[in-house]
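Just below is one structure, and these are the notes that go with it.
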There are 4 protein chains.
Amino acid sequence: MSANNERGGRTFIEEARRAQIIQCAVDVIAESGYARATMAEIGKRAGIAKSVISYHFADKGELMQELVRTAVATYTQFLEPRLAAQPTAAGKICAYVTGSAEYMSTYTNMHLAVLEVAFNGLGPDGRPLTASIPLETHKPTLERILHDGQVSGELRQFDVRVMAGLLRSAVTHTMVMAQRADPDVDLDSYARELATAFALATRDRP
Amino acid sequence: MSANNERGGRTFIEEARRAQIIQCAVDVIAESGYARATMAEIGKRAGIAKSVISYHFADKGELMQELVRTAVATYTQFLEPRLAAQPTAAGKICAYVTGSAEYMSTYTNMHLAVLEVAFNGLGPDGRPLTASIPLETHKPTLERILHDGQVSGELRQFDVRVMAGLLRSAVTHTMVMAQRADPDVDLDSYARELATAFALATRDRP
Amino acid sequence: MSANNERGGRTFIEEARRAQIIQCAVDVIAESGYARATMAEIGKRAGIAKSVISYHFADKGELMQELVRTAVATYTQFLEPRLAAQPTAAGKICAYVTGSAEYMSTYTNMHLAVLEVAFNGLGPDGRPLTASIPLETHKPTLERILHDGQVSGELRQFDVRVMAGLLRSAVTHTMVMAQRADPDVDLDSYARELATAFALATRDRP
Amino acid sequence: MSANNERGGRTFIEEARRAQIIQCAVDVIAESGYARATMAEIGKRAGIAKSVISYHFADKGELMQELVRTAVATYTQFLEPRLAAQPTAAGKICAYVTGSAEYMSTYTNMHLAVLEVAFNGLGPDGRPLTASIPLETHKPTLERILHDGQVSGELRQFDVRVMAGLLRSAVTHTMVMAQRADPDVDLDSYARELATAFALATRDRP
DNA sequence: CATGAATGAGGTTTCATTCAT
DNA sequence: CATGAATGAAACCTCATTCAT
């Protein structure tokens, strides 16, 4: 098994099991919180013994790592074409916000789970991995978009890293909190409101 | 002891111990994360036996509750005069952002700890209390400020709850993440950038 | 495991472990008293880690409950045929006393343990479960026997509940105390003495 | 303090405190059971700090020992004149049963507490002191009464120790259990029923 | 591949006891 | 004499992990 992990060569059936386990972990975490997501609970949800998880993943850490990796990949695949379809910086910003909202509607549990893991999970060093992977993910992309918009004169001069950070937490955090406070919130219109705010905050000519 | 808790009458020396324990809990949580903040660890930090904590707090839950209560009180006392000093809505928004940044600089660990507790801690029902208390705290205040600004014509028409949520997570989340990613970040200028963005996003005449 | 508990379907090997653990608990309790019967002690006696007990029983409460259940079942199976073999009320009373003595000789520790648990154990509500299950067990049976004997004219008119209570504590308590005071007491002749006393106390014609 | 204990010379006020503490221990044990009778609980009931108990009693063991000693003394003082007033063995047996019932009605908590302590408490050697003191107390007295009755020809020939044991547990155990099962039971008539049974079981001429 | 059984470290909490004030 | 504060041992329980089958 560990050999497989190192070589990266995995059976088809094994890949399926890993995917199933990750999905169950996602659901358990999203529904009951990270603290309740014990190996036993995840195994029960998957209908398998908890030792199966240990068989397929070296560690609970590895499972969480893979969970996050999966989520990030899904998110990226979801977002990328929407960003590419927009020629202007303003369009890309809007697409980022509304696309993220759409992603969160589609993959709600996955998004909630990633947030939980990011905040509660511990890295290999034992220190919390707060927002290491997931929030860093689109940072370069966002900064690039904003920077290009400034160069082209479309966007005003602001600190690119600050604005990128604000954008990121607007979608990964603000919307999630809003949804958690009121599960019936309309993410679509919520995203449009945010998009407008960002358009005003970033455009060049006031 | 529980009698004390119920009556609310506490010795001076007891109040001091409670404060000390809370402070140590804050430091441990901020530095090592919630998961590492065991009673033993907090006790070790305070130089006392872990049972002393049980002596002064009924529960680990009560300790965390008091920690959050303390932090919220401190934050409120810090922010309120700064908001009151500003007559205009724009001024209050700016004060909210910069004041929060200043608070975070002054009480860094306390703020980090509250975030950790909010995300990782479990309520009495066993369910995570994700950001229940701390983030809800200033929600009415913010919404009131924004609403009044719209009524007076100073601010444009936007969804008050969305903008309030964005403001809130900008200070409680965006800045924290930025600081965590790069501890040397200048919160002051970071806050000014944010304040500008919000000024543009909320003012009435574009 | 809890799944097993709920479904009631248990492996053969698991049933064996449970029986072993219960037996060890019985021995520890009988020899050292309830207060000394910690999980660690029971585990040590069984040659297993204490967590194994937690694996097989949800709770210490469940362990004690199962212990009592086992003892009561054993006792009933032991006594029932002896009672059924006697046609007369006097015969049944004698069989009850002597049969119980025989049971106590055969399952000494088990009987001692049940007494300890009955007196020291706490129910789920935290209140002592003094003699709830074990002593109530044969109450209806005894009262029925005595009542039938009165109806048939074989026994005199007395308060059935008082006499049943006396009978019950004569076997569950008097004999135990006697044995505890002097471990070499001859339970057989002790029982015969008791049987005679009850025959005289209950028969119709003086 | 320990000097006082050893010398046996105690202040008046000290004696009063000890009596008060013992009484509170009795009440707590009778009402909540031995397991709930912690030093803190007893102290709370007495309105004093738990360390006061440690000041007046060397040990929790000593407290329990004194509690039992007090109860036994009270019981003896209560019973002795009633026994002495009866010239015949049958009269003494009846007086023992009914007198004990009366005692239990008068000092209910004390009696319940002694039973709890007898069954749950641990002796200095760490072994349970199950009924060592209290049940042994009147054993010689009872046996003497029965023996004398046999010698005088008033009582039939039975094993004195068995009958004494039965009498003892009839009052210390049977009645208590009856009262515990149904707090409204009439101990007086209960005792009369028992007295009749023992009269029939012990008299010489059938 | 999968499982049930077992483990041991570690967490929270309780409690009798001690001690300076 | 009495108190509040502190202690440390010990109890129960949880959980990630390992292993023989």
Side-chain angles (χ1 to χ4, degrees), chain A residues 1 4 11 13-14 16-17 35-43 46-63, chain B residues 1 3-4 10-14 16-17 35-43 46-61 63, chain C residues 1 3-4 10-14 16-18 35-43 46-61 63, chain D residues 1 4 11 13-14 16-17 35-43 46-61 63:
Chain A
M1 178 73 295
N4 275 347
T11 323
I13 198 171
E14 195 171 308
R17 261 276 185 266
R36 291 281 169 92
T38 68
M39 299 266 114
E41 199 60 38
I42 297 171
I48 58 179
K50 62 185 166 189
S51 51
V52 180
I53 306 176
S54 292
Y55 179 76
H56 285 284
F57 295 89
D59 230 338
K60 190 177 188 180
E62 206 210 61
L63 169 57
Chain B
M1 180 65 352
N4 275 347
R10 267 186 276 273
T11 320
F12 166 75
I13 198 170
E14 172 159 351
R17 258 275 183 268
R36 287 287 167 93
T38 69
M39 301 262 107
E41 198 60 39
I42 296 171
I48 57 179
K50 63 185 167 189
S51 54
V52 179
I53 305 176
S54 291
Y55 177 74
H56 287 282
F57 296 90
D59 231 339
K60 190 176 187 182
L63 171 57
Chain C
M1 180 66 347
N4 275 346
R10 267 186 275 273
T11 321
F12 165 76
I13 198 169
E14 172 159 351
R17 258 275 184 268
R18 282 173 68 98
R36 289 285 167 93
T38 69
M39 301 259 108
E41 199 60 38
I42 296 171
I48 57 180
K50 63 183 166 189
S51 54
V52 178
I53 305 176
S54 290
Y55 176 75
H56 287 283
F57 296 90
D59 234 338
K60 190 177 187 180
L63 171 56
Chain D
M1 176 74 294
N4 275 347
T11 321
I13 198 169
E14 194 172 309
R17 260 275 186 265
R36 290 282 168 92
T38 67
M39 298 267 113
E41 199 61 37
I42 296 171
I48 58 178
K50 62 184 164 188
S51 50
V52 179
I53 306 176
S54 292
Y55 179 75
H56 285 283
F57 296 90
D59 229 339
K60 189 177 188 181
L63 169 57

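Convention: sequence-line order gives letters A, B, ...; per-chain numbering from 1.
To the nearest 0.5 Å, atom CZ of residue B/Phe57 and atom CD1 of residue B/Ile42 are 9.5 Å apart. With rounding to the nearest 0.5 angstrom, the NZ atom of A/Lys50 is 11.0 Å from the CD atom of A/Glu41.
Going from atom CZ of B/Phe57 over to atom C1' of F/dA6 covers 15 Å, rounded to whole Å. What separates CZ of B/Phe12 from P of F/dA5 is a distance of 12 Å, to the nearest Å. In this structure, CD1 of D/Ile53 is placed 13 Å from P of E/dC15, rounded to the nearest angstrom. Counting to the nearest Å, the P atom of E/dT3 and the CD atom of C/Glu14 are 16 Å from each other. Look at CD on D/Glu41: it is 9 Å from P on E/dC15, rounded to the nearest Å. The separation between D/Ile42 atom CD1 and E/dA16 atom C1' is 11 Å, rounded to whole Å.
Close to F/dC1, at under 4.0 Å from its OP1 or OP2, lies no side-chain N or O of D/His56. Note on D/Arg17: a side-chain N or O is less than 4.0 Å away from OP1 or OP2 of F/dA2.
Taking the side chain as every heavy atom from C-beta outward, C/Arg17 and C/Ile13 never approach each other to under 4.5 Å.
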* Encode nucleotides 14-21 of chain F as B, S and - characters from 5' to 3', where the letter depends on protein heavy atoms closer than 4.0 Å: B to the base, S only to sugar-phosphate, - to neither. => BSSBBB--
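In this structure, the side chain of D/Thr11 does not engage the main chain of D/Glu14 through any donor-acceptor pair within 3.5 Å.
By the side chain to side chain contact (heavy atoms under 4.5 Å, CB included) test, D/Ala35 pairs with C/Leu122, sequence neighbours left out.
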* To do: Output, in order, the C-alpha distance, side-chain angles, deciding distance and verdict of side chain to side chain contact (heavy atoms under 4.5 Å, CB included) for D/Met39 and D/Lys60.
  => CA-CA 8 Å; D/Met39 298 267 113; D/Lys60 189 177 188 181; 3.2 Å; yes
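If you check every strand for non-hydrogen atoms under 4.0 Å, C/Ile13 touches sugar and phosphate atoms only.
The nucleotide whose nearest atom lies closest to any side-chain atom of C/Ala49 is, among F/dT7, E/dC1, E/dG8, E/dG8.
DNA chain F forms stems at E:2-21 with F:2-21, each a run of 3 or more consecutive Watson-Crick or G-U wobble pairs whose two key distances fall under 3.5 Å.
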